[in-house]
Amino acid sequence: MTNETNVQRSRRSDSADRPLQTRANTIVKSEDHGTPLELSDITIRYGGGKGGAETVSVVEGFNLALHAGEMHCVAGRSGSGKTSILTVGAGLTLPTSGRVFWEGASLESMGDDEIADRRRALIGYVDQGGALIDGMSALENVLLPAVPDGEVDQRRDMAKDLLDLVGLGRRMRHRPAQLSGGERQRVAIARALILGTRVLVVDEPTASLDRASANRIISILKDTTSDGIAVLVASHDHELVRLSDTLTELI
Ligand SMILES: Nc1ncnc2c1ncn2[C@@H]1O[C@H](COP(=O)(O)OP(=O)(O)OP(=O)(O)O)[C@@H](O)[C@H]1O
């Protein structure tokens with residue numbers, strides 16, 4: 001990890017003639033667990049289908065090699081494509097072109113089931129707002145991803161540890177409505193880590209939080225990287241931008 005912030009400026013562009021300046025990022029196509037997530041020459045466009053919607057070019061030629069123990073921030077104004085990049089990296093949507101690698105393996109070569117299985121093992125995703133299930137306690141929300149594999153009991157101690165880690169050890173029985181916005185966001189982060197995540201993808205985790213709550217979230221994300229987890233975060237929070245190890249500014 002380095003204190004230096006590397007800046008890659010990726011351009012939102014409708015033309016292919018604008019050069020990209022990228023930090024030195026070699027696309028490793030072998031098994032490389034030190035680089036759990038790589039995005040290579042990603043283009044994302046929307047529309048242009050049968051509905052007649054005009055094509056919108058959101059991201060052109062985006063590259064990223066996300067290393068274990070590193071926090072990379074994708075910054076940029078609203079609508080610049082931050083969420084689009086996160087969902088592509090998490091394998092939730094497909095790019096228009098380009099390749100996504102998880103631990104060196106290209107998603108192109110995988111079927112939907114394999115992508116879903118690998119995502120569960122590799123990636124924890126916290127969407128904008130970190131939505132929780134209202135009728136469940138904080139602890140039950142954190143354990144939710146363990147339900148499909150019948151691992152709730154095995155993961156219960158880990159869920160409690162994670163809630164401790166995010167400072168909510170005394171709020172485990174609280175329902176989302178009884179928690180503040182920052183606390184709900186912390187529960188969502190704990191939930192994203194419950195399956196032993198190696199890549200944490202977080203969309204605008206500090207939006208609409210006061211400075212103190214936002215700083216607490218940032219420090220949790222930094223602590224996560226010190227456990228060797230790679231964090232990919234979308235944000236225009238200047239503190240998060242400042243404290244990220246590497247940065248992409250979408251313009
Ligand atoms: N499924 C979709 N179909 C059509 N257009 C889309 C779709 N998803 C996103 N867009 C458009 O792509 C652009 C980028 O959206 P995206 O959500 O990635 O931006 P963002 O930087 O995360 O924005 P914000 O900070 O407001 O969340 C926007 O103009 C949006 O309207």
Side-chain angles (χ1 to χ4, degrees), residues 5-16 18 20-23 37-64 66 71-100 102 107 112 115-116 119 123-132 181-182 184-186 188-189 192 199-211 213-215 217-218 221 230-244 246-251:
T5 299
N6 298 311
V7 178
Q8 166 187 314
R9 294 188 190 279
S10 179
R11 297 168 185 277
R12 176 189 168 118
S13 166
D14 295 331
S15 62
R18 295 185 183 174
L20 266 179
Q21 299 162 19
T22 61
R23 65 191 177 82
L37 174 64
E38 299 177 43
L39 303 178
S40 173
D41 202 17
I42 297 292
T43 295
I44 302 171
R45 297 191 188 110
Y46 294 110
K50 284 184 184 158
E54 64 190 36
T55 302
V56 180
S57 182
V58 178
V59 173
E60 294 276 344
F62 180 86
N63 293 289
L64 171 68
L66 183 67
M71 179 155 74
H72 184 90
C73 181
V74 180
R77 61 176 170 71
S78 180
S80 59
K82 302 181 295 297
T83 300
S84 300
I85 287 173
L86 263 51
T87 57
V88 162
L92 296 167
T93 53
L94 292 172
T96 308
S97 64
R99 302 178 79 186
V100 178
W102 289 348
L107 267 60
D112 291 347
I115 289 176
R119 185 193 302 113
I123 294 177
Y125 191 87
V126 183
D127 60 11
Q128 222 163 341
L132 303 176
R184 285 197 294 272
Q185 191 70 30
R186 285 188 262 153
I189 290 171
V199 181
L200 181 61
V201 180
V202 196
D203 198 355
E204 301 269 12
T206 62
S208 72
L209 297 183
D210 62 36
R211 193 64 262 158
S213 303
N215 286 348
I217 298 284
I218 295 168
L221 296 179
V231 176
L232 177 60
V233 59
S235 181
H236 35 236
D237 180 328
H238 59 88
E239 267 305 283
L240 226 170
V241 166
R242 188 176 72 79
L243 290 168
S244 291
T246 53
L247 171 68
T248 302
E249 286 180 4
L250 300 176
I251 51 179

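Order of listing sets the numbers, starting from 1, for every ligand and every atom in it. Because the structure is a prediction, the values reported are computed rather than measured.
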- Do the non-hydrogen side-chain atoms of V100 and L37 ever get within less than 4.5 Å of each other? yes
- Could you tell me whether the side chain of W102 and the main chain of G89 form a donor-acceptor pair under 3.5 Å? yes
- For L209 and G181 the tightest heavy-atom approach is CD2-C, 3.7 Å
- Quick one: does ligand 1 sit under 4.0 Å from the side chain of T83, the backbone, both or neither, non-hydrogen atoms only? both
- Contact partition for E204 relative to ligand 1, non-hydrogen atoms under 4.0 Å: side chain
- Check whether any heavy atom of A234 sits under 4.0 Å from an atom of ligand 1. no
- Taking the non-hydrogen atoms of G81, is any one of them nearer than 4.0 angstrom to ligand 1? yes
- Report the member of S84, S235, S80, A207 with the shortest heavy-atom distance to atom 15 (O) of ligand 1. S84
- Are the charged groups of R211 and D237 less than 4.0 angstrom apart, N to O? yes
- Determine, using heavy atoms of G47 and all atoms of ligand 1, whether some pair is separated by less than 4.0 Å. no
- Message: If we ignore hydrogens and angles and just use 3.5 Å, is the side chain of K82 paired with the main-chain N or O of R77 as donor and acceptor?
- Response: yes
- Message: Looking only at distances, can you tell me whether any N or O atom of K82, backbone or side chain, sits closer than 3.5 Å to an N or O atom of ligand 1?
- Response: yes
- Task: Assess V58 for proximity to ligand 1: is some non-hydrogen atom of it under 4.0 Å away?
- Result: yes
- Can you see which heavy atom on G81 is nearest to which on L250, and at what distance? C-CD1, 3.6 Å
- Task: Please could you name the atoms of ligand 1 that Q128 approaches to less than 4.0 Å, counting only its heavy atoms?
- Result: 27 (O)
- Item | Numbered atoms and elements of ligand 1 in range of R77, under 4.0 angstrom, heavy atoms | 21 (O)
- Query: Can you check whether T93's main-chain N or O pairs, donor with acceptor, with T87's side chain at less than 3.5 Å?
  - Reply: no
